[in-house]
Every structure is written in C-alpha cells, then in structure tokens.
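Just so we're clear, the structure is a prediction, and the values are computed from it rather than from any experiment.
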Protein chains: 2
Amino acid sequence: MKITEARVKATLRRYGYKLTRQRRSIIKAVVSSEDRLTPAALYNKLHQDYPDIGLVTVYRTLGLLDNLGFLCKLHTGGDCHACTIGTPEPHHHLICSGCGKVIDFFCRSMAELEGNLAEETGFTIKDHLLEFTGYCQNCRKDLM
Amino acid sequence: MKITEARVKATLRRYGYKLTRQRRSIIKAVVSSEDRLTPAALYNKLHQDYPDIGLVTVYRTLGLLDNLGFLCKLHTGGDCHACTIGTPEPHHHLICSGCGKVIDFFCRSMAELEGNLAEETGFTIKDHLLEFTGYCQNCRKDLM
DNA sequence: TATGTAATTGAAAAAGATTATCAATTACAT
DNA sequence: ATGTAATTGATAATCTTTTTCAATTACATA
C-alpha cells in the first residue's frame, strides 16, 4: 500500500492542479526518500539537479501535499517540521536518530488504550501521536 | 509527586544558579499553570505583572529549566514548542484542543511494545513520544 | 552591613524559518 | 497555435529564536 509517484500525480490532476516540472521533481524526491525531510533539506537536495527551483515553491508544494493527505509530519528530534510521504491510515513512526530513516508501524492496542483513557478522563479523543526514536542496526554499528 | 516551586528553586540553588526576581516569576508561572505555554505566551502573561521582564530572559530561563529536566515539551497541535512543568519520569500526555489543559498519564504496556518493536526491527530504542489530543468534558460542552 | 565579582539581564542586532506580494512564466484546455 | 488562469521565483515582510555586549544584580565574603 505504498504511495507511488503515479498516485500522487493522479490525485493532483484529479483535483485540477497543474503538473509543473517543479512539482514533479518535488514529488519524486519526497516519494523516493526514506529519510525525514525538512523544507530546507529538500530544497538543498533538489537544487543540485534543478538549479532554478525556489525555496518558496518547495514550501508551497509541501503544503499542497499535506492538504491532500500525502504527508506525515514528524515531531521527535531536532527538526520539528520534517516530513515523509505517508498513508492517511493511522500508523506510528520509528525514527533512526543516526541516519533519519523512518519506519512506519501499526499497533492494534492503541485503540484499546485510547478507549480506556477516554473513559477514565471524560475526554473525547480525536487523534494521537506515537513516535519511537533510537538507532537502526547500521547506525548502531557506526557508534561502536 | 508534583513538582513545586520550592523544589525547582532548591535545584537551581544547588547547581549554583542565582535566584533572580525574573527567574522566580517565571518558575512561579510555569509551575502554577495548567496550560501549555509557548515562550511568547509566557512572556505576555508575565509582562503584565513584571513589565520589565525581557523575552530573551524567558527563553533563557525556559532553556535552563529544560536542561534541569523540569520541562515537558508538547508537540501536537499548532504550537510545536509549547511546554509544561513535568517530572523526569517517563509519561505521556493527554491534551485538550479546546482549553489547552494537559493531563499526564503512564501506560505500562509501552515498555512491552517497545521491546517487540526493537526485536522486529533491530533498532536500539532510546526514547518515545506519545500524545493524545481531544476535548475535555468542559470544552466538549462548549462545542454543542 | 558593606563590598567585590561573576552571573544575569535587557536592548538591539543577527540569524533562521515561514508567509505574502506581484510581475513574469507556464501548463493545459480549446 | 493560442488564451487564460494557475504557478513560479525574487523580494520583502513577519515571526521565532539566538548572539552580543554594556549595565545591573545576587550573593559569598569580609
């Protein structure tokens, strides 16, 4: 159920957005990257291959992808507004502090916990955020 | 096990930090507030009673409290760097999107989930972040 | 209680991140 | 091929956060 370049492009087209060269390059970079990407990091990466791309366009396109539900914002770690491509289905993140790799996972018991919490506190719970951080196998090796 | 003004002050003294008027007012405000506080919000709040306090001092003192382990950063919602007073013990947050109230809770099964995840992925997990958002009883009433 | 000193403060400037403005360009329906 | 509305990049504007530095202040010591 991985999100593909084609799927993102099709969605843009369906909503009447134009497929500019800049948007295509940003979509390609976001979809194919395993790492968390801040707007600035994405801009630097793209600027090598597409020297005429503007930082503003990166911000605008990320905003657009976010509105369409294609982005997952990450919060843990230094960069609070980094993001990766992501499905709209509820899921959680495992993030490597070394290389920035992000692994999605799903945990069935969250729903149960949410139910208990709502009952105990009287809250109506709308959303949640769960992120684990640590070091992947590769980066752990590098640390030794 | 709530953190008190006296405890924070004692810790500052123990580490050789001076107890200035500004620091005391910031500590008082942070400890006594139930809400999430951004640096700017805290500054505005304090500025009424202590007109000569500077925004920079608010930033500096919050940084100090953070280093000493007295702050919990919140990530969910618009303001990504809001904080509350918090214990160093691992715990999670339940945040009201209406009034900003923050409830701490602890969930034993997180350790178990962390273990499973580490085993499945080969990660060495160092930390995690769990936040639920929704509406408390009062704010839910207001929405109707 | 007075005094010396190093930590702390506030103002101003600098540095970063993000958003708004607007003329020039471009995708795409026709 | 063409017209038009969306999109873009450069620039400026806005916010947030950090640095710098002279003036002030807490507090240990006499």
Side-chain angles (χ1 to χ4, degrees), chain A residues 5-6 8-30 36-68 70-71 73-75 77-83, chain B residues 5-6 8-30 36-68 70-71 73-75 77-83:
Chain A
E5 238 175 293
V8 178
K9 287 183 191 170
T11 304
L12 283 190
R13 230 181 263 115
R14 177 150 29 93
Y15 282 96
Y17 293 107
K18 292 182 179 173
L19 273 183
T20 63
R21 186 169 35 81
Q22 293 89 335
R23 281 178 178 164
R24 270 176 289 148
S25 68
I26 291 171
I27 292 168
K28 184 177 185 178
V30 169
R36 48 161 44 198
L37 291 168
T38 58
L42 188 53
Y43 171 74
N44 289 331
K45 198 173 182 176
L46 288 167
H47 206 259
Q48 296 169 2
D49 297 335
Y50 310 85
D52 59 343
I53 205 167
L55 178 59
V56 190
T57 298
V58 174
Y59 271 98
R60 280 191 285 228
T61 305
L62 284 178
L64 179 57
L65 295 178
D66 191 27
N67 285 340
L68 294 174
F70 284 124
L71 288 192
K73 300 253 183 74
L74 301 180
H75 293 267
D79 301 318
C80 216
H81 293 123
C83 64
Chain B
E5 238 176 289
V8 178
K9 287 183 189 168
T11 303
L12 283 190
R13 231 182 263 114
R14 178 150 28 94
Y15 282 95
Y17 292 106
K18 293 180 178 173
L19 273 183
T20 62
R21 184 170 36 80
Q22 293 89 334
R23 280 179 179 164
R24 270 175 292 152
S25 68
I26 292 171
I27 291 168
K28 184 177 185 178
V30 170
R36 47 161 46 200
L37 291 169
T38 58
L42 188 52
Y43 171 74
N44 289 331
K45 198 171 182 176
L46 288 167
H47 206 258
Q48 296 169 4
D49 296 337
Y50 309 85
D52 59 344
I53 205 166
L55 177 60
V56 191
T57 299
V58 173
Y59 271 98
R60 279 190 286 228
T61 305
L62 284 178
L64 179 58
L65 294 178
D66 190 26
N67 285 339
L68 294 174
F70 284 124
L71 288 193
K73 302 254 182 74
L74 301 181
H75 294 267
D79 300 319
C80 214
H81 294 123
C83 63

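For A/P39, whose side chain is taken as the heavy atoms from C-beta onward, the closest listed nucleotide among C/dT18, D/dC27, C/dT9 is C/dT18. The side chain of B/K18 lies closest to C/dA7, out of D/dG9, C/dA7, C/dC28. For A/T20, the listed nucleotide lying nearest its side chain is C/dA27; candidates were C/dT8, C/dA11, C/dA27. In the set D/dT8, C/dA12, D/dA6, C/dA12 carries the atom at the smallest distance from any side-chain atom of B/V56.
The pair A/R21-A/D52 meets the salt-bridge criterion, with a side-chain N (NZ, NE, NH1 or NH2) lying under 4.0 Å from an Asp/Glu carboxylate O.
Remark: C/dA2 base-pairs with D/dT29; criterion is Watson-Crick or G-U wobble with both hydrogen-bond distances under 3.5 Å. If you check C/dT8 for Watson-Crick or wobble pairing at under 3.5 angstrom, you find it paired to D/dA23. Base pairing annotation: C/dT30 forms a Watson-Crick or G-U wobble pair with D/dA1, both donor-acceptor distances under 3.5 Å.
The NE2-P distance, from A/H81 to D/dT16, rounds to 12 Å in whole Å. Rounded to whole Å, atom C1' of D/dT17 lies 17 Å from atom CG of B/L64. In this structure, the OH atom of A/Y59 is 18 Å from the P atom of C/dT21, given to the nearest Å. Following rounding to the nearest Å, B/L12 (CG) and D/dC27 (P) show an atom-to-atom distance of 10 Å. A/Q22 places its CD atom 11 Å from the C1' atom of C/dA27, with the value rounded to the nearest Å. In this structure, B/I53 places its CD1 atom 18 Å from P of D/dT24, rounding to the nearest Å. For the pair B/L55 CG and D/dT19 C1', the computed distance is 14 Å after rounding to whole Å. In this entry the distance linking CG of A/D52 with P of D/dT7 reads 18 Å, nearest Å.
Rounding to the nearest 0.5 angstrom, the gap separating the CD1 atom in B/I53 from the OG1 atom in B/T61 is 7.0 Å.
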>> Assess the residue pair B/T11 and B/F70 against the criterion (side-chain contact (heavy atoms from CB on, under 4.5 Å)); give the C-alpha distance rounded to whole Å, side-chain angles, the decisive distance to 0.1 Å, and a yes or no.
In response: CA-CA 10 Å; B/T11 303; B/F70 284 124; 3.4 Å; yes
>> Assess the residue pair B/L62 and B/L37 against the criterion (side-chain contact (heavy atoms from CB on, under 4.5 Å)); give the C-alpha distance rounded to whole Å, side-chain angles, the decisive distance to 0.1 Å, and a yes or no.
In response: CA-CA 10 Å; B/L62 284 178; B/L37 291 169; over 6 Å; no
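Panel note: side chain A/R13, backbone A/L19; no donor-acceptor pair is recorded below 3.5 Å.
Take the nearest nucleotide of DNA chain D for B/R21 and for A/G54: the residue whose nucleotide is more 5' is A/G54.
At the heavy-atom level, A/R23 lies under 4.0 Å from the strands shown only through sugar-phosphate atoms.
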